[in-house]
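I have placed the structure first, in the form of C-alpha coordinates, so that the comments after it can refer back to it.
Values reported hereafter were calculated over all heavy atoms of this structure, with side chains retained and with hydrogens, waters and symmetry mates removed.
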Amino acid sequence: MSILGLAGGIRAADLFVVHKSTSERVMQDITLRPRPRPGHNRRMTQRPAPPSLHDVLVERVGAAIVQGQHPAGSRLITAELAEGSSRGAGREAVRVLQSLGLVRVRRKTGVEVQPPSEWNVHAPEVIRWRLAGPGRDAQLRELSQLRGAIEPLAARLAADHASEDHRRDLVAAVMDMARTEHDADGAVYLSADVRFHRTLLAASGNAMFAALGSVVEAVLTGRTRHDLMPHDANPLAVRWHQDVAFAIAGGRPGEAEAAMGLIVAEADDAMRAAAGH
(Lines give C-alpha, C1' and ligand atoms only; values in the text may rest on other atoms or scores of the structure.)
Protein backbone atom coordinates (compact mmCIF):
# COMPACT_ATOMS: atom_id res chain seq x y z
CA MET A 1 0.00 0.00 0.00
CA SER A 2 1.25 3.50 -0.79
CA ILE A 3 2.02 6.13 1.81
CA LEU A 4 -1.07 8.13 0.85
CA GLY A 5 -3.12 4.97 1.02
CA LEU A 6 -1.97 4.34 4.55
CA ALA A 7 -2.83 7.95 5.47
CA GLY A 8 -6.33 7.45 4.18
CA GLY A 9 -6.69 4.16 6.09
CA ILE A 10 -7.49 5.49 9.53
CA ARG A 11 -7.33 2.00 11.05
CA ALA A 12 -3.70 1.58 10.09
CA ALA A 13 -1.55 1.12 13.18
CA ASP A 14 1.77 1.55 11.43
CA LEU A 15 2.92 4.02 8.85
CA PHE A 16 5.82 4.05 6.40
CA VAL A 17 7.62 7.40 6.33
CA VAL A 18 10.14 8.21 3.61
CA HIS A 19 13.41 9.74 4.83
CA LYS A 20 14.55 12.72 2.77
CA SER A 21 18.15 11.47 2.73
CA THR A 22 17.41 7.95 1.56
CA SER A 23 14.85 6.03 -0.42
CA GLU A 24 14.62 3.41 2.31
CA ARG A 25 11.25 3.25 4.03
CA VAL A 26 11.44 3.09 7.80
CA MET A 27 8.52 1.84 9.83
CA GLN A 28 7.18 4.42 12.26
CA ASP A 29 4.66 3.17 14.81
CA ILE A 30 1.77 5.57 15.38
CA THR A 31 -0.64 4.75 18.16
CA LEU A 32 -4.02 6.31 17.49
CA ARG A 33 -6.19 7.56 20.32
CA PRO A 34 -9.33 5.53 21.05
CA ARG A 35 -12.39 6.61 19.13
CA PRO A 36 -14.33 8.99 21.42
CA ARG A 37 -17.78 8.10 22.68
CA PRO A 38 -20.66 9.72 20.76
CA GLY A 39 -20.92 13.37 21.75
CA HIS A 40 -17.78 13.09 23.87
CA ASN A 41 -15.60 15.30 21.67
CA ARG A 42 -18.05 18.10 20.86
CA ARG A 43 -16.25 20.52 23.15
CA MET A 44 -13.50 20.45 25.74
CA THR A 45 -14.61 18.04 28.46
CA GLN A 46 -11.96 18.63 31.10
CA ARG A 47 -12.95 21.29 33.57
CA PRO A 48 -10.24 23.93 33.93
CA ALA A 49 -9.06 24.99 37.36
CA PRO A 50 -11.03 27.94 38.78
CA PRO A 51 -9.38 31.21 37.69
CA SER A 52 -7.61 33.32 40.30
CA LEU A 53 -8.94 36.74 41.24
CA HIS A 54 -6.29 38.54 39.22
CA ASP A 55 -7.00 36.29 36.20
CA VAL A 56 -10.65 37.34 36.37
CA LEU A 57 -9.63 41.00 36.54
CA VAL A 58 -7.18 40.66 33.66
CA GLU A 59 -9.86 39.03 31.52
CA ARG A 60 -12.50 41.64 32.32
CA VAL A 61 -10.34 44.75 32.04
CA GLY A 62 -8.20 43.49 29.14
CA ALA A 63 -11.25 42.67 27.06
CA ALA A 64 -12.78 46.06 27.88
CA ILE A 65 -9.62 47.88 26.74
CA VAL A 66 -9.19 45.92 23.52
CA GLN A 67 -12.87 46.23 22.66
CA GLY A 68 -12.83 50.01 23.10
CA GLN A 69 -14.64 50.48 26.40
CA HIS A 70 -11.54 52.17 27.85
CA PRO A 71 -10.07 54.35 25.07
CA ALA A 72 -6.40 55.22 24.80
CA GLY A 73 -5.36 57.86 27.31
CA SER A 74 -8.08 57.09 29.82
CA ARG A 75 -7.11 56.53 33.44
CA LEU A 76 -7.84 53.41 35.44
CA ILE A 77 -7.94 53.37 39.22
CA THR A 78 -6.53 50.23 40.77
CA ALA A 79 -9.02 50.26 43.62
CA GLU A 80 -11.92 50.35 41.15
CA LEU A 81 -10.39 47.59 39.05
CA ALA A 82 -10.22 45.41 42.15
CA GLU A 83 -13.82 46.02 43.15
CA GLY A 84 -15.06 42.91 44.88
CA SER A 85 -11.53 41.53 45.32
CA SER A 86 -8.27 42.47 47.03
CA ARG A 87 -6.09 45.43 46.13
CA GLY A 88 -3.25 42.94 45.70
CA ALA A 89 -5.21 41.19 42.96
CA GLY A 90 -5.77 44.57 41.31
CA ARG A 91 -2.06 45.39 41.36
CA GLU A 92 -1.18 41.98 39.94
CA ALA A 93 -3.76 42.44 37.18
CA VAL A 94 -2.22 45.80 36.28
CA ARG A 95 1.22 44.17 36.01
CA VAL A 96 -0.16 41.58 33.57
CA LEU A 97 -1.96 44.22 31.51
CA GLN A 98 1.23 46.24 31.44
CA SER A 99 3.19 43.24 30.14
CA LEU A 100 0.64 43.01 27.30
CA GLY A 101 1.21 46.66 26.42
CA LEU A 102 -2.38 47.60 27.23
CA VAL A 103 -1.57 50.00 30.06
CA ARG A 104 1.34 51.88 31.52
CA VAL A 105 1.82 52.99 35.10
CA ARG A 106 2.86 56.61 35.60
CA ARG A 107 3.76 58.28 38.84
CA LYS A 108 1.02 60.49 40.25
CA THR A 109 -1.31 59.97 37.27
CA GLY A 110 -1.78 56.23 37.84
CA VAL A 111 -2.69 53.58 35.26
CA GLU A 112 -3.11 54.89 31.71
CA VAL A 113 -4.58 52.94 28.79
CA GLN A 114 -2.17 52.59 25.87
CA PRO A 115 -3.07 53.03 22.17
CA PRO A 116 -3.32 49.89 19.98
CA SER A 117 0.10 50.63 18.50
CA GLU A 118 1.60 49.68 21.88
CA TRP A 119 -0.29 46.42 22.37
CA ASN A 120 1.43 43.06 22.14
CA VAL A 121 -0.72 41.94 19.23
CA HIS A 122 0.95 38.52 19.15
CA ALA A 123 -0.21 37.70 22.69
CA PRO A 124 -2.91 34.99 22.62
CA GLU A 125 -4.97 36.99 25.13
CA VAL A 126 -5.03 40.08 22.90
CA ILE A 127 -5.90 37.97 19.86
CA ARG A 128 -8.73 36.30 21.78
CA TRP A 129 -10.16 39.64 22.97
CA ARG A 130 -9.98 41.14 19.49
CA LEU A 131 -11.75 38.13 18.00
CA ALA A 132 -14.53 38.49 20.58
CA GLY A 133 -15.10 42.19 19.89
CA PRO A 134 -15.80 44.71 17.14
CA GLY A 135 -12.24 44.36 15.85
CA ARG A 136 -12.83 40.76 14.72
CA ASP A 137 -12.74 41.49 10.98
CA ALA A 138 -9.43 43.35 11.21
CA GLN A 139 -7.98 40.65 13.43
CA LEU A 140 -8.97 37.86 11.05
CA ARG A 141 -7.54 39.76 8.09
CA GLU A 142 -4.24 40.44 9.85
CA LEU A 143 -3.91 36.87 11.09
CA SER A 144 -4.60 35.48 7.62
CA GLN A 145 -1.96 37.80 6.13
CA LEU A 146 0.55 36.71 8.79
CA ARG A 147 -0.15 33.03 8.21
CA GLY A 148 0.05 33.47 4.43
CA ALA A 149 3.50 35.02 4.77
CA ILE A 150 4.89 32.55 7.31
CA GLU A 151 3.37 29.07 7.07
CA PRO A 152 4.10 28.21 3.42
CA LEU A 153 7.75 29.15 3.96
CA ALA A 154 7.77 27.20 7.22
CA ALA A 155 6.50 24.14 5.33
CA ARG A 156 9.27 24.53 2.74
CA LEU A 157 11.90 24.74 5.47
CA ALA A 158 10.39 21.82 7.38
CA ALA A 159 10.90 19.54 4.37
CA ASP A 160 14.63 20.04 4.90
CA HIS A 161 14.85 20.41 8.67
CA ALA A 162 12.09 18.31 10.25
CA SER A 163 13.22 15.62 12.68
CA GLU A 164 11.79 12.10 12.61
CA ASP A 165 9.63 13.04 15.60
CA HIS A 166 8.28 16.07 13.73
CA ARG A 167 7.47 13.94 10.67
CA ARG A 168 5.73 11.32 12.76
CA ASP A 169 3.75 13.92 14.70
CA LEU A 170 2.59 15.68 11.52
CA VAL A 171 1.32 12.43 10.03
CA ALA A 172 -0.39 11.42 13.28
CA ALA A 173 -2.11 14.82 13.42
CA VAL A 174 -3.49 14.60 9.88
CA MET A 175 -4.74 11.08 10.54
CA ASP A 176 -6.69 12.40 13.54
CA MET A 177 -8.03 15.25 11.40
CA ALA A 178 -9.18 12.80 8.73
CA ARG A 179 -10.83 10.58 11.34
CA THR A 180 -12.86 13.48 12.78
CA GLU A 181 -13.44 15.61 9.65
CA HIS A 182 -17.22 15.28 10.07
CA ASP A 183 -16.94 16.80 13.54
CA ALA A 184 -14.56 19.60 12.57
CA ASP A 185 -15.98 22.06 15.09
CA GLY A 186 -15.30 19.62 17.92
CA ALA A 187 -12.44 19.40 20.38
CA VAL A 188 -10.60 16.42 18.88
CA TYR A 189 -10.36 17.93 15.39
CA LEU A 190 -9.28 21.27 16.85
CA SER A 191 -6.60 19.61 18.96
CA ALA A 192 -5.22 17.75 15.94
CA ASP A 193 -5.29 20.90 13.79
CA VAL A 194 -3.43 22.90 16.44
CA ARG A 195 -0.90 20.10 16.86
CA PHE A 196 -0.30 20.00 13.12
CA HIS A 197 0.36 23.72 12.76
CA ARG A 198 2.48 24.07 15.90
CA THR A 199 4.59 21.09 14.83
CA LEU A 200 4.97 22.53 11.34
CA LEU A 201 6.34 25.83 12.70
CA ALA A 202 8.67 24.02 15.10
CA ALA A 203 9.89 21.72 12.32
CA SER A 204 10.95 24.68 10.18
CA GLY A 205 14.16 25.02 12.17
CA ASN A 206 13.47 28.75 12.54
CA ALA A 207 13.07 29.69 16.21
CA MET A 208 11.16 32.86 15.33
CA PHE A 209 8.64 30.87 13.30
CA ALA A 210 8.29 28.37 16.14
CA ALA A 211 7.53 31.23 18.54
CA LEU A 212 4.42 32.01 16.47
CA GLY A 213 2.85 28.69 17.44
CA SER A 214 0.71 30.31 20.12
CA VAL A 215 -0.51 32.90 17.60
CA VAL A 216 -1.68 30.23 15.16
CA GLU A 217 -3.21 28.23 18.00
CA ALA A 218 -5.16 31.33 19.09
CA VAL A 219 -6.66 31.87 15.64
CA LEU A 220 -7.57 28.19 15.19
CA THR A 221 -9.17 28.10 18.63
CA GLY A 222 -10.96 31.39 18.02
CA ARG A 223 -12.28 30.13 14.71
CA THR A 224 -13.98 27.24 16.51
CA ARG A 225 -15.19 29.18 19.54
CA HIS A 226 -16.75 31.93 17.44
CA ASP A 227 -18.60 29.48 15.16
CA LEU A 228 -16.44 30.23 12.12
CA MET A 229 -15.55 26.57 11.67
CA PRO A 230 -17.95 24.30 9.73
CA HIS A 231 -19.16 21.08 11.30
CA ASP A 232 -17.93 19.16 8.23
CA ALA A 233 -14.41 20.08 7.21
CA ASN A 234 -13.67 20.92 3.59
CA PRO A 235 -12.35 17.58 2.29
CA LEU A 236 -9.84 19.42 0.11
CA ALA A 237 -8.43 21.19 3.16
CA VAL A 238 -7.99 17.86 4.95
CA ARG A 239 -6.29 16.41 1.88
CA TRP A 240 -3.96 19.41 1.63
CA HIS A 241 -2.91 18.88 5.25
CA GLN A 242 -2.05 15.30 4.31
CA ASP A 243 -0.14 16.56 1.27
CA VAL A 244 1.92 18.88 3.47
CA ALA A 245 2.70 16.13 5.98
CA PHE A 246 3.83 13.65 3.35
CA ALA A 247 5.75 16.21 1.31
CA ILE A 248 7.69 17.08 4.47
CA ALA A 249 8.18 13.39 5.27
CA GLY A 250 9.47 12.83 1.74
CA GLY A 251 11.74 15.90 1.72
CA ARG A 252 9.84 17.73 -1.06
CA PRO A 253 9.95 21.43 -0.11
CA GLY A 254 8.17 22.81 -3.19
CA GLU A 255 5.18 20.52 -2.75
CA ALA A 256 5.00 21.26 0.98
CA GLU A 257 5.03 25.02 0.37
CA ALA A 258 2.39 24.87 -2.36
CA ALA A 259 -0.03 22.74 -0.32
CA MET A 260 0.43 24.94 2.73
CA GLY A 261 -0.43 27.99 0.64
CA LEU A 262 -3.68 26.32 -0.38
CA ILE A 263 -4.53 25.57 3.26
CA VAL A 264 -4.04 29.17 4.39
CA ALA A 265 -6.03 30.57 1.46
CA GLU A 266 -8.91 28.14 2.06
CA ALA A 267 -8.99 28.98 5.79
CA ASP A 268 -9.16 32.70 5.01
CA ASP A 269 -11.98 32.23 2.48
CA ALA A 270 -13.92 29.96 4.85
CA MET A 271 -13.69 32.39 7.78
CA ARG A 272 -14.78 35.31 5.63
CA ALA A 273 -17.74 33.33 4.36
CA ALA A 274 -18.73 32.27 7.88
CA ALA A 275 -18.46 35.88 9.07
CA GLY A 276 -20.78 36.98 6.26
CA HIS A 277 -18.24 38.64 3.94
Side-chain angles (χ1 to χ4, degrees), residues 44 47-151 194 197-198 201 206-228 268 271-272 274-277:
M44 300 298 182
R47 292 185 178 181
S52 65
L53 287 175
H54 86 265
D55 287 337
V56 172
L57 291 174
V58 168
E59 190 68 26
R60 175 167 59 83
V61 180
I65 291 173
V66 170
Q67 295 168 16
Q69 297 174 34
H70 299 302
S74 59
R75 301 287 194 272
L76 303 178
I77 300 174
T78 305
E80 293 179 354
L81 295 180
E83 183 179 359
S85 58
S86 68
R87 292 177 65 88
R91 287 192 294 269
E92 180 60 28
V94 167
R95 281 194 286 269
V96 175
L97 294 171
Q98 190 172 18
S99 74
L100 296 173
L102 301 184
V103 302
R104 66 173 175 171
V105 180
R106 306 181 67 179
R107 287 186 177 182
K108 299 182 180 180
T109 59
V111 181
E112 180 181 319
V113 176
Q114 294 277 71
S117 59
E118 299 299 320
W119 299 349
N120 178 3
V121 294
H122 292 124
E125 300 92 336
V126 175
I127 293 173
R128 185 175 71 250
W129 295 328
R130 290 184 71 191
L131 286 174
R136 178 187 296 178
D137 287 352
Q139 178 69 108
L140 289 173
R141 182 180 66 253
E142 292 169 5
L143 287 168
S144 291
Q145 291 169 348
L146 177 66
R147 293 185 64 193
I150 298 300
E151 289 197 84
V194 167
H197 288 277
R198 292 199 71 131
L201 292 168
N206 184 314
M208 299 189 75
F209 286 3
L212 294 174
S214 60
V215 174
V216 175
E217 179 172 355
V219 69
L220 295 174
T221 302
R223 182 183 180 186
T224 296
R225 287 181 176 171
H226 294 289
D227 298 321
L228 299 175
D268 183 40
M271 283 192 293
R272 287 176 180 275
H277 296 290

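- When all heavy atoms of Ala93 and Leu57 are compared, the pair lying nearest together is CB-CB, 3.7 Å.
- The side chain to side chain donor-acceptor pair (under 3.5 Å) check on Arg95 picks up Glu92, with sequence neighbours excluded.
- Applying the side chain to side chain donor-acceptor pair (under 3.5 Å) test to His122 and every residue at least two apart in sequence or in another chain returns nothing.
- Under the salt bridge (Lys or Arg N to Asp or Glu O under 4.0 Å) criterion, Arg198 pairs with Glu217, not counting sequence neighbours.
- The side chain to side chain donor-acceptor pair (under 3.5 Å) test applied to Arg106 returns Glu112, not counting sequence neighbours.
- Across all their heavy atoms, Phe209 and Ile150 have their closest contact at CE1-CD1, 3.7 Å.
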Pairs under 3.5 angstrom only: tabulate donor-acceptor contacts from the side chains of residues 127-134 to other protein residues two or more places apart or in another chain.
residue	atom	partner	partner atom	Å
Arg128	NH2	Glu59	OE1	2.6
Arg128	NH2	Glu59	OE2	3.3
Trp129	NE1	Glu59	OE2	2.9
Arg130	NH1	Glu142	OE1	3.0
Arg130	NH2	Glu142	OE1	3.3

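- Residues satisfying the side chain to side chain donor-acceptor pair (under 3.5 Å) criterion with Asp55, sequence neighbours excluded, are Ser52.
- The backbone N or O of Gln145 sits nowhere less than 3.5 Å from a side-chain atom of Arg147 that would complete a donor-acceptor pair.
- Remark: Val56 engages Pro51 in a side-chain contact (heavy atoms from CB on, under 4.5 Å) (not counting sequence neighbours).
- The side-chain contact (heavy atoms from CB on, under 4.5 Å) check on Glu118 picks up Gln114, Pro115, with sequence neighbours excluded.
- Every side-chain contact (heavy atoms from CB on, under 4.5 Å) that Ser74 has, sequence neighbours left out, goes to His70, Pro71, Val113.
- Closest of all the heavy-atom pairs between Ala123 and Leu100 is CB-CD2, 3.6 Å.
- Between Leu228 and Leu140, some side-chain heavy-atom pair lies under the 4.5 Å cut-off.
- Residues Leu76 and Val94 form no side-chain contact, since every pair of their non-hydrogen atoms from C-beta on lies 4.5 Å or further apart.
- Under the side-chain contact (heavy atoms from CB on, under 4.5 Å) rule, Leu146 has a single partner from Val215, Val121, Val219, Val216, which is Val215.
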